[in-house]
Structure formats: structure tokens, C-alpha cells
Amino acid sequence: GVFDGHVEPLFEGGREAARALFEVYGKEELEKAVDSTEYRPGFACTKCSYVSVCPVLKRAPGLLGIEDRQRPRRSWSPSNGRAYRACATRDYLRRLNLPVDWAIEHSPTAERGRAVHDFLARRHDVEPQRRCTLDIPAGWIDAKYRLPDDEQLLGLQLLRHHAAVCPLRHAEPGSVRVEPSLTFIDEDADIIVITKPDLLYRDGDSWVWREVKTRLREKRWSPDLLEGNPQLALAVLLVERGELGGSRTRARVELEVLHPGGADLEVIDPFTSSVRRAAEAVLHEHVRDWHTDDRAIPRPGPECARCEVARWCTARAVDGAAQ
């Protein structure tokens, strides 16, 4: 409605209809919210007065390589890190939860990637857990995704390639955690670190971190897989530090790349000193400037055309010129 005045009603009905819906869908959830004693570490930890005594928030001092507790406590995630590297203002505007440009945020390519991830998450989460096969149902796309026919066919192809490298081939029964939200506090920097692996699973008594990427074209990754990828860098350090628990024997980070030509599986050993140093450098590079930035100065340029929050930025570049 902020953009064009268009409004999509969420409910149209009278008092009794609302009451009936509440009885079915709202009452039990409200009771859970009021009576729950569950701890849920996450973004709310930045404003919580009980962080220092929280029994479930995991401590990871030194994780980000910064020793400075003079700044206000904030949260950081690999997604924030990538947005900030592209443009400081982009990260700032995203954190304000402003409406995004739907055409950019939900482009066919982006939606296809989300739809593929969503299908894999749903399939991996089914009990009993079984490795994926080539049998992908015709209606594999969840109703919330709107994809043109060519993107649907490509997504179907990518999912079939996944079967060859499905991690459930090695996972211990009942050990798979699908897209878990992991939250840590780096007490040296007073930063809440939040990340969401695509998949965690146990190989024997060791935890394995699996990330999945989709690509339109086959592309061999460079020897330095961590370059510019804070999610993998963070995964390497968390596994290397033993923050996930379990044995170090088979603990590793895996990158699965699905493309029209097949599936590539890259295995990253977090216990190799050169890999650890590279991960530390990548993570520090993504966090250092953001941590001390008070101004979020924009960097207008070609990327503005692909920025989902550019309409809120008065410095955005339009047709090659900054406004």
C-alpha cells in the first residue's frame, strides 16, 4: 500500500466469523505465547537485558576477530554481511524492514532458488528420513512460489541432480536438522551472530554442515571457495571451534552446487590451518567496517538497478546518474 495504494485484504467478515477463526487458529497459539517458558535465541537478543545469564544462548568469544565492547549490541548474519559489502545503505534499509521491490526480491531466478531449497527442506524433514531419489512429483512447487514454465522445468532438473549427492546417504538416522536457526554471542565484540545452515547432519558422531547453491550455468568454483562467501567462512569457524558439538573425526563443511549439467560437491576441511585462516580473513573483512560504521554511506552505481530497497535511497543511481 505504501507504493501504489493497493491493499490486499487479509480478512473480510463479521464479528462472529472472526471469533470462530480465533477459536480454531488463534486461541491455542495465544495460550502458548502467554504460558511458554521456551527460550528462543535470535534477533531479540540484541535488546534483551538477560543475555549475560541466558542458559541457552551459546557463547563464542572471539568468533568475529574483533575486541570492542564499546558499540551498542547489534546482530549480524551472513545475509547482512553480503548486503553491507554491496552497499552500506542497502543493509541499513533492509534492517528497517521497509517494503522491498517485489520484482527484484522475487525475480524468477531468485524464486526458483527458493523453491528448490524449500522442496529439499520439506523432503529432508519427512520421517522416517530417506535419501532423495529421481522421483520428483509434478507439483513439486509450493503454492507460495510463482514460477514461469521454463523455471519450473529447470528447478525439476536441478532437484533430480541433487539425488546423486543427497546427504541423507550418510546421515545417522534421526540426526538431520533442516535449516536450524543458530544463534551465538561473540562476547568480545558484543555482537549477536545468527545463521541458518541449509542442513546439519551427523556422519557417525560428527556434525556435517551442508550448504546448497543453484546456478544457471555450470561453473567450476575457484580453489578459494570462501572468498566473498561469509556463510561458508562462518560455517568453517563454527565447526573448527567445536561450537556444534560432536566429534572432530568426520566434521566438515560441504558445498553442493546444482546446475543444469549436474551436481558438484565440494568438501571443505575446517581443521586445515590455511582454510581456517582464510575463513577468519573473510569473516573479519565482512564485519570490521560494519562494526564501526555510524553513517551507512551509500555507494550509488550499477548495482542500484538490482537493489530491492533502492526506491528508499535518495542517492540511488538512475540510468547511470545518481539522484
Show your working on side-chain contact (heavy atoms from CB on, under 4.5 Å) between Ile191 and His291 and close with a plain yes or no. CA-CA 9 Å; Ile191 294 175; His291 181 60; 3.6 Å; yes
Asp101 vs Val309, side-chain contact (heavy atoms from CB on, under 4.5 Å): CA-CA, chis, key distance, verdict: CA-CA 6 Å; Asp101 188 318; Val309 288; over 6 Å; no
What do the steps show when you test Trp209 against Leu255 for side-chain contact (heavy atoms from CB on, under 4.5 Å), and what is the final call? CA-CA 9 Å; Trp209 183 310; Leu255 173 63; over 6 Å; no
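Counting all heavy atoms, side chain and backbone alike, Leu147 lies closest to Ala115 at CD1-CB, 4.1 Å. Looking at every heavy atom in both residues, Pro230 comes nearest to Gly228 through CD-O, 3.3 Å. Trp140 and Val116 make their closest contact through CZ3-N, 4.0 Å (heavy atoms, listed as atom of the first residue, atom of the second, distance). Here the closest non-hydrogen pair linking Arg112 and Thr214 is NH1-OG1, 3.3 Å. Residues Val100 and Arg94 come closest through the heavy atom pair CG1-NH1, 4.0 Å. Residue Cys166 comes nearest to Cys132 through the heavy atom pair SG-N, 3.3 Å, listed as atom of the first residue, atom of the second, then distance.
In the hydrophobic clustering of this structure, Leu159 does not group with Leu168; members are Ile, Leu, Val, Met, Phe, Trp, Tyr whose side-chain heavy atoms approach within less than 4.5 Å, directly or through other members. Criterion: ILVMFWY side-chain heavy atoms under 4.5 Å apart, direct or through other members. Under it, Phe119 and Val178 are not part of a common hydrophobic cluster. A continuous path of hydrophobic side-chain contacts links Ile192 to Phe43 [ILVMFWY only; heavy atoms under 4.5 Å]. Linking Ile, Leu, Val, Met, Phe, Trp and Tyr whenever their side-chain heavy atoms come within less than 4.5 Å leaves Tyr201 and Leu244 in two separate clusters.
Under the 4.0 Å criterion applied to side-chain N and carboxylate O atoms, Asp203 and Arg169 are not assigned as salt-bridge partners. In this structure, Lys27 does not pair ionically with Glu29, as no charged nitrogen and carboxylate oxygen lie closer than 4.0 Å. Taking 4.0 Å as the cut-off between side-chain N and carboxylate O, Glu256 and Arg210 count as a salt-bridged pair. Glu111 has a carboxylate O that lies under 4.0 Å from a charged side-chain N of Arg114, or vice versa, which qualifies the two as a salt bridge.
For the atom pair CG (Asp198) and CD (Glu211), the distance works out to 4.0 Å, reported to the nearest 0.5 Å. Interatomic distance, CZ of Arg177 versus CG of Leu182, reported as 6.0 Å (0.5 Å rounding). Taking OH of Tyr39 as the start and SG of Cys48 as the end, the distance is 9.5 Å to the nearest 0.5 Å. Taking CD1 of Ile185 as the reference point, atom CG of Asp190 lies at 5.0 Å (rounded to 0.5 Å). Once rounded to the nearest 0.5 Å, the distance linking CD of Glu285 with CD of Glu227 reads 6.5 Å. In this structure, Arg311 CZ and Ile104 CD1 are separated by 8.0 Å, a value rounded to the nearest 0.5 Å.
When only modelled atom types and interatomic distance are considered, Thr249 and Ser247 share a side-chain donor-acceptor pair under 3.5 Å. Using modelled atom types and a 3.5 Å distance limit, the side chains of Thr272 and Asp269 yield a donor-acceptor pair. Inspection of the Tyr145 and Glu151 side chains reveals no N or O donor paired with an N or O acceptor under 3.5 Å.
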Listing, residues 75-93 side-chain donor-acceptor contacts under 3.5 Å, not counting sequence neighbours, or none:
unit_1, atom_1, unit_2, atom_2, d
Ser77, OG, Ser79, N, 3.4
Ser77, OG, Asn80, N, 3.3
Ser77, OG, Asn80, OD1, 3.1
Ser79, OG, Arg82, NH2, 3.4
Asn80, OD1, Ser77, N, 3.3
Asn80, OD1, Arg95, NH2, 3.3
Asn80, ND2, Asp91, OD1, 3.4
Tyr84, OH, Asp293, OD2, 2.6
Arg85, NH1, His286, ND1, 3.4
Arg85, NH1, His286, NE2, 3.4
Thr89, OG1, Ala296, O, 2.6
Arg90, NE, Glu308, OE1, 3.3
Arg90, NE, Glu308, OE2, 3.4
Arg90, NH2, Glu308, OE1, 2.7
Asp91, OD1, Arg95, NE, 3.3
Asp91, OD2, Arg95, NE, 3.2

Validation: residues 51-66 side-chain donor-acceptor distances under 3.5 Å, sequence neighbours left out:
unit_1, atom_1, unit_2, atom_2, d
Arg59, NE, Glu187, OE2, 3.3
Arg59, NH1, Cys54, O, 3.2
Arg59, NH1, Leu57, O, 2.6
Arg59, NH2, Val51, O, 2.4
Arg59, NH2, Ser52, O, 3.1

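Sparse packing is recorded around CD of Glu28, with 12 or fewer heavy atoms of other residues, nucleotides or ligands lying under 6.0 Å away.
Using the six-membered ring where Trp is involved, His162 and His124 have ring planes that are tilted, between 30° and 60° apart.
At a threshold of 4.5 Å between non-hydrogen side-chain atoms, the residues Pro128 and Pro173 do not count as touching. Residues Arg316 and Pro298 are not in side-chain contact: their nearest non-hydrogen atoms beyond the backbone lie 4.5 Å or more apart. Residues Arg250 and Val208 have side chains not in contact (no heavy-atom distance under 4.5 Å, counting atoms from C-beta outward).
A cation-pi arrangement is absent between Arg248 and Trp207 under the rule of less than 6.0 angstrom and at most 45 degrees off the ring axis.
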